[in-house]
Structures are given as C-alpha cells and as structure tokens.
Amino acid sequence: MNLNPAPFIERHHAKIGIFSTISYRRFFDLSAGGIYREILPKPENLVSKALYTFDIGANDLAMGYLDNMTTEQVEAYVPDLMERLASAIQTVYNLGGRYFWVHNTGTLGCLPYALAYRPDLAAEKDVIGCSVALNAGPRFFNARLKETVARLRVALPEAAFTYVDVYTAMYRLMSQAKKIGFADPLRVCCGYGGGEYNFNKDIGCGVKVEVNGTVREGKSCEDPSKSVSWDGVHLTEAAYKFIFHQIVDGALSDPPVPLRRACQAKGQ
C-alpha cells in the first residue's frame with residue numbers, strides 16, 4: 001500500500017497563476033458595455049475588490065481514505081495541505097486580493113460512497129448513521145484550518161478572512177433531514193442496487209452496465225428535491241440550497257459576517 005500522499009495532493013493542488021498570465025483586458029473587456037460595465041468594477045480593481053472563496057478538503061481527505069489509509073495516516077498529511085493553502089492565499093494577497101471566504105470541509109462520514117468504499121471505517125456509526133471514523137478526519141482538518149486562518153489574519157493584516165463552518169451546516173442537514181421534508185439522507189437519489197444506500201460502486205448515476213444480457217442502469221429517483229444525496233458523492237440542489245441558507249447570514253462564520261458584507265474592510 002502506498003502511504004505517500006504527495007501524488008494526489010499534487011493532483012488536487014490548484015496553482016494560482018491566472019492573474020500573472022491573463023491580462024485584465026482579456027479578463028473583462030470594457031467594450032462589452034451594457035449592464036456589465038455598470039455593475040462590475042473597473043478591470044484594475046477586479047483583483048482587489050473580488051471575494052476569493054476557498055472550499056477545500058473534501059477531495060484531499062477522500063483520496064487518502066480511498067487509498068486505504070487510516071484516519072491517523074490521513075491526519076498526518078493535513079499540515080502539508082495547510083501550508084499549500086496558506087501559500088495559495090499568500091499568492092492571491094500579493095496580487096492584490098484582500099477578501100477571503102474560507103469554507104471548512106463537510107461530513108465525509110455521511111456520504112454513501114465513503115460508507116460503501118470503507119465499510120471497515122463505517123462499522124461504528126453515530127445516532128444518524130454517519131461513520132464516526134470517517135468524520136474524525138474532517139473534524140481534525142477543520143481544526144487545523146481554523147488555526148491556519150487565524151495565523152493568516154496576523155500575517156496578512158490588510159486582508160479580511162471569514163471562516164465558514166460548512167461542516168456544522170451539513171451535519172445539521174443530515175440530522176434534521178426528515179423533519180425539514182427530506183427523505184433518508186443516506187439514501188442515494190440517482191443510483192442503483194437498492195439496499196441501505198441505493199449505491200453501487202460499479203453502476204453510478206447515468207451508467208449502464210450489461211450483466212448476463214441484462215442492462216442495469218443508475219437512474220434518478222422521481223423527486224430529487226426530496227433527497228439529500230444525489231449520486232452518493234454530491235448532494236442534491238435542494239440540499240445545497242439548505243446549506244447555503246445556513247451559512248449566508250454569517251451565523252456559522254468566524255467572525256459572524258454575512259456574505260453580503262464579506263467584501264468590506266475590517267471594522268466596517
């Protein structure tokens with residue numbers, strides 16, 4: 001078993017170089033006119049007035065678990081991820097970026113695909129059916145992320161950072177799903193196989209497989225708006241809408257700043 005996380009960390013590490021290679025005029029052409037000229041800032045202000053959203057962690061942690069790592073082994077490479085994130089933010093800051101909306105990562109242990117791929121870690125479940133072990137990794141990651149954001153606030157005093165607790169919003173959705181009109185949050189809408197999760201690793205959403213002359217297909221449920229999990233990996237539009245409404249007003253943010261004020265200087 002390869003325990004070196006470097007290959008997939010590199011694969012999921014986005015290089016921030018767009019602003020140094022694309023001219024402002026190509027980024028936004030003032031000659032377009034119309035409503036865009038009225039509502040968008042001048043090209044020279046795009047970098048400094050923009051809100052940079054970092055929604056990270058899900059793929060980085062999942063790749064470790066899918067490589068049969070233990071939670072302890074996954075946690076071991078989290079510090080490197082934090083260094084890479086800090087470096088990316090520093091790069092944007094050096095280019096003039098000042099406003100950052102940083103999401104923590106969600107409840108991996110509540111996603112059907114993770115439960116199906118790692119039944120060994122899914123054995124111990126909490127009261128709503130989520131894996132205790134698979135949620136331990138995200139909680140560790142989020143604690144380190146919050147510490148990293150705190151350090152960046154000191155290192156980059158002209159920047160405004162908002163740390164957004166998506167994990168709590170997602171767990172709230174999972175735990176209250178049936179009360180707020182959703183069906184079983186762990187059951188996939190677009191999948192195949194029935195059973196506890198309606199998830200099959202070989203027959204995903206939209207996939208057709210012929211077995212002994214019979215075509216098996218991952219199909220959508222009748223009403224996706226009643227489901228939390230779309231395909232076992234991603235949530236449905238309705239589920240993401242619920243999460244958005246949980247975080248947009250700043251109630252789950254540090255500091256508790258609503259999205260509409262995330263691009264204001266500190267103290268305003």
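- A heavy-atom distance below 4.5 Å is not found between the side chains of Tyr93 and Leu152.
- For the pair Arg187 and Tyr197, the cation-pi test (distance below 6.0 Å, angle within 45°) is failed.
- If you chain together hydrophobic residues whose side chains sit under 4.5 Å apart, Val132 and Met69 never meet in one group.
- In this structure, Cys205 SG and Glu217 CD are separated by 9.0 Å, a value rounded to the nearest 0.5 Å.
- Taking the side chain as every heavy atom from C-beta outward, Val149 and Phe54 never approach each other to under 4.5 Å.
- With Tyr240 as reference, Leu235 is the one residue of Leu235, Leu173, Val228 to meet the side-chain contact (heavy atoms from CB on, under 4.5 Å) rule.
- Side-chain contact between Ser229 and Leu111: absent, with no pair of heavy atoms (C-beta onward) separated by less than 4.5 Å.
- Between Thr91 and Asn94 there is no side-chain heavy-atom pair separated by less than 4.5 Å.
- Both Ile180 and Met170 sit in one connected hydrophobic cluster of ILVMFWY residues. Membership requires side-chain heavy atoms under 4.5 Å apart, directly or through other members.
- In the hydrophobic clustering of ILVMFWY residues, with side-chain heavy atoms under 4.5 Å counting as a link, Trp230 and Val166 come out apart.
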Mind listing the side-chain donor-acceptor pairs of residues 249-260 below 3.5 Å, one per line with the distance, residues two or more places apart or on another chain?
| residue | atom | partner | partner atom | Å |
| --- | --- | --- | --- | --- |
| Asp249 | OD1 | Ala251 | N | 3.0 |

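- Annotation: the span from Leu85 atom CG to Arg144 atom CZ amounts to 14.0 Å, rounded to 0.5 Å.
- Judged purely by atom type and a 3.5 angstrom limit, Ser131 uses its side chain to pair as donor or acceptor with the backbone of Leu121.
- Interatomic distance, Tyr117 OH to Leu66 CG, rounded to the nearest 0.5 Å: 7.0 Å.
- Between Phe199 and Ala116, the shortest heavy-atom distance links the atoms CD2-CB, 3.6 Å.
- Within 6.0 Å of the NZ atom in Lys125, the count of heavy atoms belonging to other residues, nucleotides or ligands exceeds 12.
- By the 6.0 Å contact criterion, CD on Glu124 is open, its count of non-hydrogen atoms from other residues, nucleotides or ligands being 12 or less.
- Neither side chain, Ser87 nor Arg84, offers a donor N or O lying under 3.5 Å from an acceptor on the other.
- Residues Ile56 and Phe141 share a closest heavy-atom pair of O-CE2, 3.9 Å.
- Tyr163 is listed as a side-chain neighbour of Asn104, based on a closest heavy-atom distance under 4.5 Å.
- By the 4.5 Å heavy-atom criterion applied to side chains, Thr148 and Arg151 are counted as neighbours.
- Minimum interatomic distance between Gly193 and Asn198 (heavy atoms only, all atoms of both residues): N-OD1, 3.5 Å.
- Judged purely by atom type and a 3.5 angstrom limit, Asn142 uses its side chain to pair as donor or acceptor with the backbone of Pro138.
- In the hydrophobic clustering, where aliphatic and aromatic side chains (Ile, Leu, Val, Met, Phe, Trp, Tyr) are joined below 4.5 Å either directly or transitively, Val207 groups with Tyr192, Ile203, Val209, Val211.
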Criterion side chain to side chain contact (heavy atoms under 4.5 Å, CB included) on Tyr167 and Asn135, from CA distance to verdict | CA-CA 10 Å; Tyr167 182 99; Asn135 273 342; 3.5 Å; yes
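- Contact record, Val47 with Gly96: CG1-C, 3.7 Å, taken as the closest heavy-atom pair.
- No side-chain heavy atom of Thr70 sits under 4.5 Å from any side-chain heavy atom of Glu75.
- Annotation: side chain of Leu51 is not in contact with side chain of Thr162 (no heavy-atom distance under 4.5 Å).
- A distance below 2.5 Å between sulfur gamma atoms is not met by Cys221 and Cys190.
- Side-chain N/O atoms of Asn212 and Thr214 include no donor and acceptor closer than 3.5 Å.
- Interatomic distance, OH of Tyr52 versus OH of Tyr99, reported as 11.0 Å (0.5 Å rounding).
- Separating the CG atom in Leu186 from the CD1 atom in Ile128 is a distance of 7.0 Å, to the nearest 0.5 Å.
- Closest non-hydrogen pair, Gly57 versus Thr105, comes out as C-OG1, 3.5 Å.
- The two residues Ala169 and Ile247 have their closest heavy-atom pair at CB-CG2, 4.0 Å.
- Here the straight-line distance linking atom OG of Ser225 with atom NZ of Lys241 works out to 10.0 Å at 0.5 Å rounding.
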